[in-house]
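So you know, we letter chains A, B, ... as the sequences are listed, proteins then strands, and number each from 1.
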Protein chains: 2
Amino acid sequence: MVQKSKPPAAAKEPQRRGEPKRRGRPRAYEPEIALGKALDLFRKQGFAATSLDDLSAATGMNRPSLYGAFGDKRELYIKSYQRYREDARASMVEIFRQEMPVRQRLERIYAAALNIYLSGETGPRGCFTVVTAASEAVGDPEIRAMVLEGLTDLDKAFASCFRRAKEKGELPDSADPAVLAQLASATIHTIAIRSRARVPRKELEEIVKGAIDVMVGAKSS
Amino acid sequence: MVQKSKPPAAAKEPQRRGEPKRRGRPRAYEPEIALGKALDLFRKQGFAATSLDDLSAATGMNRPSLYGAFGDKRELYIKSYQRYREDARASMVEIFRQEMPVRQRLERIYAAALNIYLSGETGPRGCFTVVTAASEAVGDPEIRAMVLEGLTDLDKAFASCFRRAKEKGELPDSADPAVLAQLASATIHTIAIRSRARVPRKELEEIVKGAIDVMVGAKSS
DNA sequence: TCGATTTTTGTACCATTTCGCAATTAATCC
DNA sequence: GGATTAATTGCGAAATGGTACAAAAATCGA
């Protein structure tokens, strides 16, 4: 059992704007921050290896509060995964939207991915989808659906990226956006896996560079 | 607690040749088969989610026997992973050795990989390295070393494959075997992940076909 | 043939951990 | 003070990893 010994001086919660005003005893935690901590733990240890006590310690909430706020362990896991996907999506969507050369766009996308995979105090944490969600996917249809959606979303984003590049004449007519997109996704997946095995950032960047060269043609070498 | 109700009529063990003759009570199990069952379970559920009772039920050995034969849970996991890698290696090594065109060699390698990833009664099981070992890799140096070795072995095998192809004139001079090898590995990784999410074989084969086309040049389309 | 020896099996057990929840107490608003 | 919401304590049933110990099944030696 993990309990905090923090004096009950309730952390002043910055009165959320928009919300009318909470009635009873104020929360001693911020749901968004707590969910972030839970996400970090699940990402590091996976579902089964992460106990509610671990989560309790990491979030600073005790188990009943956790339960009340997020539901049981599986629900918390799913909410964490949703949060992860929102974050990842947010960090990429701008790069996909803005106008720029394909090569630059790809470079930025992979840089963003590496930042996600390599961040974390206690060693690189990899990709939630690849490292833990894919494991749970066999047995849990809901998680599997999320994984599948994540995979196809990435494929689609890359495909439209290559389609635009082709229209702009950056790629030869023979280029097949769908095939290139799957290669681009595969490159994401391979760096996700390798980052988990603590392959140094330098090597991952080499892999990315090589893959980009193959996809959009080597840079005036 | 899971116990078998099998009558104690000890399964006649096919007197192993070579081994001088075991002294005490004969084993009621075959270590190789039991290890295979353990491997299947770990592959399906991962390390933490697989209990000793699960393993006991799957192997038909009770826990003390399991412990005596393979050591504790972690040791059994590592032995399972070693077994997996030997099996995977065995299914590929011939394909890498024999003389044949690159394209055909790649097609066969990926077919072998898909057979590994998609076999299993209760849904596709994916790749041990990608699905569970990579997860454990962050926290366990020994497992991490095995994962790293597996990754680089694959890279090397593909690299030498492309090097030979280049020497035989099957690839343009501009082709970089190391870069192509990493793409080939990435393709392995992406189908490993997707197979876990139950992407149908047909789609995985499409991905493989597209990747091969990019790596060795599209087949006279 | 028969007991000693060796090795494995089967049963039971232990200490911990795990998830979940009920009951109580605390803080805030009305 | 009453209502409302949350925190805290602590329980409990089940599962978990690991082990002690005796019974069982084989070989070996005399």
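Between the CG atom of D53(A) and the C1' atom of dT9(D) there is a distance of 14 Å, given to the nearest Å. Atom pair F47(B):CZ and dG17(D):P shows a separation of 8 Å (rounding to whole Å applied). Look at CG on D72(A): it is 8 Å from P on dC21(C), rounded to the nearest Å. Going from atom NZ of K73(A) over to atom C1' of dT17(C) covers 11 Å, rounded to whole Å. Atom-to-atom, CG of L76(B) to P of dG18(D) comes out at 10 Å; the value is rounded to the nearest Å. A straight line from OH of Y67(B) to P of dT9(C) spans 16 Å, rounded to a whole angstrom. Atom CG in L66(A) sits roughly 14 Å away from atom C1' in dC21(C) (whole-Å rounding). Put simply, CZ on R23(A) is 6 Å from C1' on dC30(C), counting in whole angstrom units.
When distances run from any side-chain atom of R27(A) to the nucleotides dG20(C), dA7(D), dG18(D), the shortest one goes to dA7(D). Of the candidate nucleotides dC19(C), dT11(C), dA26(C), dC19(C) has the atom nearest to the side chain of L52(A). Picking from dT19(D), dT28(C), dT8(C) the nucleotide with the shortest atom distance to the side chain of Y29(B) gives dT8(C). Residue R63(A) places its side chain closer to dC21(C) than to any other of dT19(D), dC21(C), dA7(D). For S51(A), counting side-chain heavy atoms from C-beta on, the closest listed nucleotide (dT5(D), dT18(C), dG18(D)) is dT18(C). For P64(B), the listed nucleotide lying nearest its side chain is dA20(D); candidates were dG10(D), dA7(D), dA20(D).
Contacts of S65(A) with the nucleic acid, taken as non-hydrogen atoms under 4.0 Å apart, include base atoms.
For N62(A), a side-chain nitrogen or oxygen approaches OP1 or OP2 of dT8(D) to under 4.0 Å.
Using a 4.5 Å cut-off on side-chain heavy atoms (C-beta onward), T132(A) and Y81(A) make no contact. Side chains of Y77(A) and T50(A) form no contact here, defined as non-hydrogen atoms less than 4.5 Å apart.
Taking a 6.0 Å sphere around NZ of K79(A), one finds it holds more than 12 heavy atoms contributed by other residues, nucleotides or ligands. By the 6.0 Å contact criterion, CZ on R201(A) is enclosed, its count of non-hydrogen atoms from other residues, nucleotides or ligands being greater than 12.
Taking the charged nitrogens against the carboxylate oxygens, R194(B) and D155(A) do have a contact shorter than 4.0 Å, which makes a salt bridge.
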